[in-house]
Amino acid sequence: MGRDTIADIITSIRNADRNKKGTVRITSTNITENIVKILLREGFIENARKHQEKNKYFFVLTLRHRRNRKVPYRNTLNLKRISRPGLRIYSNYQRIPKILGGMGIVILSTSRGIMTDREARLEGIGGEILCYIW
């Protein structure tokens, strides 16, 4: 039985954000590398570094937090896995959902690689909906 690496990284980031951790370490694969690039480009994480330990590669992600706030901590990073190994969800470019009216992003796996919903709409291609981030 295979592991769902996308769900693993989403859960790791979500748990680190809820526990106010500054960094999180995830395993490196081609899919996770593309998702980390999207998160970095869209501004959901501050920094990403790639490390090697005993022939295995890891990403160390630095999360964004609101520091020195007097109000109770509110979760600023919401991630939700949509398509999973047991139930794949596909969409054409016209029916890709908008998250919070365009404030969040949808990450898709298309025939041209992993991209955001805005990029897929501009190129006019659909694909498998991997996750929502807002």
Side-chain angles (χ1 to χ4, degrees):
M1 185 177 229
R3 293 185 52 150
D4 189 7
T5 57
I6 298 170
D8 289 344
I9 66 165
I10 287 173
T11 303
S12 298
I13 293 171
R14 185 186 314 119
N15 290 341
D17 187 54
R18 285 187 180 161
N19 291 326
K20 301 180 198 173
K21 301 286 184 190
T23 60
V24 62
R25 189 174 110 165
I26 59 173
T27 58
S28 175
T29 63
N30 290 336
I31 294 172
T32 58
E33 186 173 349
N34 290 328
I35 291 175
V36 165
K37 285 180 185 176
I38 289 174
L39 291 174
L40 193 61
R41 186 176 62 226
E42 296 290 328
F44 289 106
I45 58 176
E46 283 185 20
N47 192 10
R49 295 182 311 264
K50 194 171 187 177
H51 290 289
Q52 179 182 4
E53 290 180 12
K54 298 180 184 177
N55 298 330
K56 289 188 178 183
Y57 288 95
F58 295 96
F59 278 111
V60 177
L61 308 178
T62 306
L63 303 177
R64 290 188 182 265
H65 288 292
R66 294 188 222 172
R67 294 184 178 94
N68 301 327
R69 302 280 299 200
K70 294 183 181 178
V71 297
Y73 178 77
R74 293 213 171 101
N75 193 5
T76 59
L77 185 61
N78 292 310
L79 299 106
K80 184 176 182 185
R81 176 81 157 119
I82 302 302
S83 184
R84 49 192 172 87
L87 179 65
R88 303 288 186 183
I89 306 294
Y90 297 95
S91 176
N92 62 6
Y93 77 97
Q94 296 151 337
R95 295 185 185 217
I96 297 173
K98 289 189 177 182
I99 306 302
L100 293 178
M103 296 293 288
I105 64 169
V106 177
I107 296 181
L108 295 139
S109 175
T110 66
S111 59
R112 296 185 191 155
I114 295 177
M115 59 180 65
T116 63
D117 56 338
R118 286 181 230 118
E119 296 167 349
R121 282 190 197 98
L122 285 175
E123 292 192 24
I125 57 175
E128 180 183 355
I129 299 175
L130 298 178
C131 60
Y132 297 157
I133 303 171
W134 70 96

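Along the sequence shown, residues are numbered consecutively beginning with 1.
- Side-chain contact of Glu128 with Ser109: a donor-acceptor pair under 3.5 Å is absent, judged by distance alone.
- Among residue pairs with one or both ends in residues 96-120, those qualifying as salt bridge (Lys or Arg N to Asp or Glu O under 4.0 Å) are Arg41-Glu119, Glu42-Arg118, Arg112-Glu123, Asp117-Arg121; sequence neighbours excluded.
- Dense packing is recorded around NZ of Lys50, with more than 12 heavy atoms of other residues, nucleotides or ligands lying under 6.0 Å away.
- Val24 and Phe58 fall into different hydrophobic clusters, defined by Ile, Leu, Val, Met, Phe, Trp and Tyr side-chain heavy atoms under 4.5 Å apart, directly or through other members.
- Across every non-hydrogen atom of Arg81 and Leu130, the tightest pair is NH1-O, 3.3 Å.
- Applying the under-4.5 Å side-chain rule to Ile, Leu, Val, Met, Phe, Trp and Tyr, the cluster around Ile89 extends to Ile82, Leu87, Tyr93, Ile96, Ile99, Leu100, Met103, Val106, Leu108, Ile129, Tyr132, Trp134.
- Contact annotation: the side chain of Ile38 never approaches that of Asn34 to less than 4.5 Å [non-hydrogen atoms, C-beta and beyond].
- With respect to the salt-bridge test (charged N to carboxylate O, under 4.0 angstrom), the residues Arg84 and Asp4 do not qualify.
- The distance from atom CD1 of Ile107 to atom CE of Met115, rounded to the nearest 0.5 Å, is 12.0 Å.
- Closest heavy-atom contact between Asp17 and Arg64: OD1-O, 4.1 Å.
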Intermediate values then yes/no, side chain to side chain contact (heavy atoms under 4.5 Å, CB included), Thr62 and Ile45: CA-CA 6 Å; Thr62 306; Ile45 58 176; over 6 Å; no
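- Shown are Leu79, Thr27, Ile26; of these, the side-chain contact (heavy atoms from CB on, under 4.5 Å) with Ser12 is made only by Ile26.
- Here the side chain of Thr32 pairs a donor or acceptor atom with the backbone of Thr29 at under 3.5 angstrom.
- Listed here is the closest heavy atom pair of Glu46 and Leu40: O-CD1, 3.4 Å.
- The shortest side-chain heavy-atom distance between Leu61 and Arg49 does not fall under the 4.5 Å cut-off.
- Considering CD1 of Ile35 and CD1 of Ile10, their distance stands at 6.5 Å, rounded to 0.5 Å.
- Between the side chain of Arg25 and the backbone N or O of Phe59 there is no donor-acceptor pair closer than 3.5 Å.
- Nearest heavy atom pair, residue Tyr90 against residue Arg88, reads CE1-CB, 3.5 Å.
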Do Gln52 and Lys56 pass the side chain to side chain contact (heavy atoms under 4.5 Å, CB included) test, and can you show the C-alpha distance, the side-chain angles, and the key distance before you say yes or no? CA-CA 6 Å; Gln52 179 182 4; Lys56 289 188 178 183; over 6 Å; no
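- Cluster annotation: Ile13 is connected to Ile114 through the hydrophobic network of ILVMFWY side chains, with a link wherever side-chain heavy atoms come within less than 4.5 Å.
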